[in-house]
Amino acid sequence: MGLRWPAIHLGQPVREYLLTLCVTVAVTYLLTGPVRKFAIAAGAMPEIRARDVHREPTPRLGGIAMFGGLCAGLLVADHLHNLNGVFELSNEPRALLSGAALIWLIGVLDDKFEIDALIKLGAQMIAAGVMVIQGLTILWIPVPGIGNVSLTQWQGNLLTVALVVITINAVNFVDGLDGLAAGMVCIASAAFFLYAYRIWFGYGIEAAAPATLFAAILMGMCLGFLPHNMHPARIFMGDSGSMLIGLVLAAAAISITGQVDPDTMALFAGGERNATHAMLPVFIPLLLPLTIIAIPMADLVLAIVRRTWKGQSPFAADRGHLHHRLLELGHSHSRAVLIMYFWSGLIAFGAVAYSVHSASMWIVLAIVGLSAAGLVLLLLPRFTPRAPRWAEGLVPPRYRHRERAAEAAALDASGREPESVGPIRVGVSGVNGATAVGPRSRFPDRRKAESAR
């Protein structure tokens with residue numbers, strides 16, 4: 001807190017954030033190729049497990065490239081005129097880098113040697129503790145109806161550690177499809193950047209500068225890795241990447257939630273209790289981090305309840321995550337990922353938009369309308385449209401009538417016209433879109449998939 005920057009023009013930090021973002025993207029993207037070759041040479045290519053959806057062994061250790069992007073982004077920002085004040089007047093960037101280095105190292109070892117889940121949990125707590133020791137901790141929380149509530153040192157430290165561990169595991173749990181975790185965190189960090197930037201320059205609260213920088217760098221890390229990780233992925237981020245981006249996201253949330261004084265925003269808004277819509281910006285620092293990780297958090301809670309109900313360890317891996325459910329509904333790999341992107345963006349950007357214009361009914365109506373559209377997309381495999389016969393040659397096989405689709409598939413397989421083809425038999429897993437690859441079922445027996453990692 002207590003940061004003091006010289007008078008600056010609004011366009012200057014925008015350009016510097018854009019430069020930091022581009023450097024982070026470029027370094028992460030360029031490092032991912034060599035990291036992939038290194039992972040193959042090091043044997044960081046685990047066997048395909050029953051719960052996996054990919055069909056070929058794929059190298060992990062993508063977190064090495066993402067950590068390189070993080071370091072490059074921080075280094076560039078440190079040498080920029082308007083952003084180096086974050087490093088000179090705040091210890092939060094150093095706290096983030098030290099905690100990220102520790103969690104990244106544990107993730108690299110886990111990608112190679114499969115570390116026990118309890119050991120990883122302890123390492124996550126230690127990494128959070130390292131950041132707490134260096135000052136990245138929650139000092140107070142805004143409580144509706146009461147205002148700003150100060151926390152004791154132990155309360156703030158425990159709450160910080162809990163938030164870091166929960167966010168890391170939420171991101172790690174959702175990392176089950178190609179490009180899913182990186183894309184969802186990228187969407188969340190973009191929404192968080194818009195909010196933090198508005199707090200810094202809209203309200204003039206300089207303590208929001210570190211969170212703004214963390215969000216920009218996190219966005220660059222994900223954007224640089226996504227081209228290599230989209231379906232079909234050439235490399236996975238592994239725990240070295242998922243735990244790393246989870247920690248950076250948690251650090252940004254902690255920085256702006258527990259370091260920025262909500263009463264300061266209330267002064268600019270005309271009084272904390274002046275009106276309901278004026279109170280929302282005061283409490284949005286507490287709500288926005290929760291909305292950003294709402295989807296991963298829901299998946300985490302459901303996984304713990306499901307495994308505990310079955311008498312399993314909460315850390316036992318299975319195929320019951322939300323993205324697995326989407327595949328079982330009949331969605332293709334790419335469509336399942338896009339649906340998760342849609343809901344993450346709707347929740348995160350909806351919260352940001354509502355914090356800016358909370359009195360606007362159009363924002364509420366837009367969120368409700370988009371939610372309804374999302375539900376329709378969610379149920380789309382159950383109501384797959386069929387093209388008219390004259391247009392069947394212009395659409396993918398999944399939109400043709402079953403007899404014609406079977407004939408086309410047999411013709412593609414044999415190279416000649418089939419004599420007779422019976423109707424397609426659709427199994428439990430569903431043959432829809434990109435999931436219809438070959439006669440073998442995409443989903444193995446779920447009973448075989450409930451072995452621990």
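One is the number of the first residue; the rest follow in order along the sequence.
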Do [X] and [Y] come close enough that some side-chain heavy atom pair is under 4.5 Å?
| X | Y | answer |
| --- | --- | --- |
| Val337 | His231 | no |
| Leu247 | Leu96 | yes |
| Leu370 | Phe342 | yes |
| Asn172 | Asp239 | yes |
| Val164 | Gln124 | no |
| Thr137 | Ile254 | no |
| Leu31 | Ile64 | no |
| Tyr29 | Pro227 | yes |

Got a second to check how far [X]'s [atom1] is from [Y]'s [atom2], nearest 0.5 Å?
| X | Y | atom1 | atom2 | answer |
| --- | --- | --- | --- | --- |
| Met243 | Met237 | CE | CE | 12.0 Å |
| Leu118 | Ile115 | CG | CD1 | 12.0 Å |
| Leu180 | Leu226 | CG | CG | 10.0 Å |
| Asp178 | Ile235 | CG | CD1 | 12.0 Å |
| Leu159 | Trp154 | CG | CH2 | 14.5 Å |
| Ile367 | Ile363 | CD1 | CD1 | 7.0 Å |

Qualifying residues under side chain to side chain donor-acceptor pair (under 3.5 Å), relative to Arg94, sequence neighbours excluded: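 Arg94 satisfies side chain to side chain donor-acceptor pair (under 3.5 Å) with Asn91 once adjacent residues are dropped.
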With Thr28 via side chain to side chain donor-acceptor pair (under 3.5 Å) - residues at least two apart: none
Whether Tyr17 and Tyr197 hold their rings parallel, tilted or perpendicular, with breakpoints at 30° and 60°: perpendicular
Tyr341 OH: over 12 foreign heavy atoms closer than 6.0 Å: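 Buried by this count: over 12 neighbours within 6.0 Å.
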Partner of Met221 by side-chain contact (heavy atoms from CB on, under 4.5 Å), out of Ile245, Leu21, Val27, Val185: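 With Met221 as partner, side-chain contact (heavy atoms from CB on, under 4.5 Å) holds for just one option, Ile245.
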Residue pairs involving residues 213-227 (criterion side-chain hydrogen bond (donor to acceptor under 3.5 Å, both in side chains); sequence neighbours excluded):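 Not a single pair qualifies under side-chain hydrogen bond (donor to acceptor under 3.5 Å, both in side chains).
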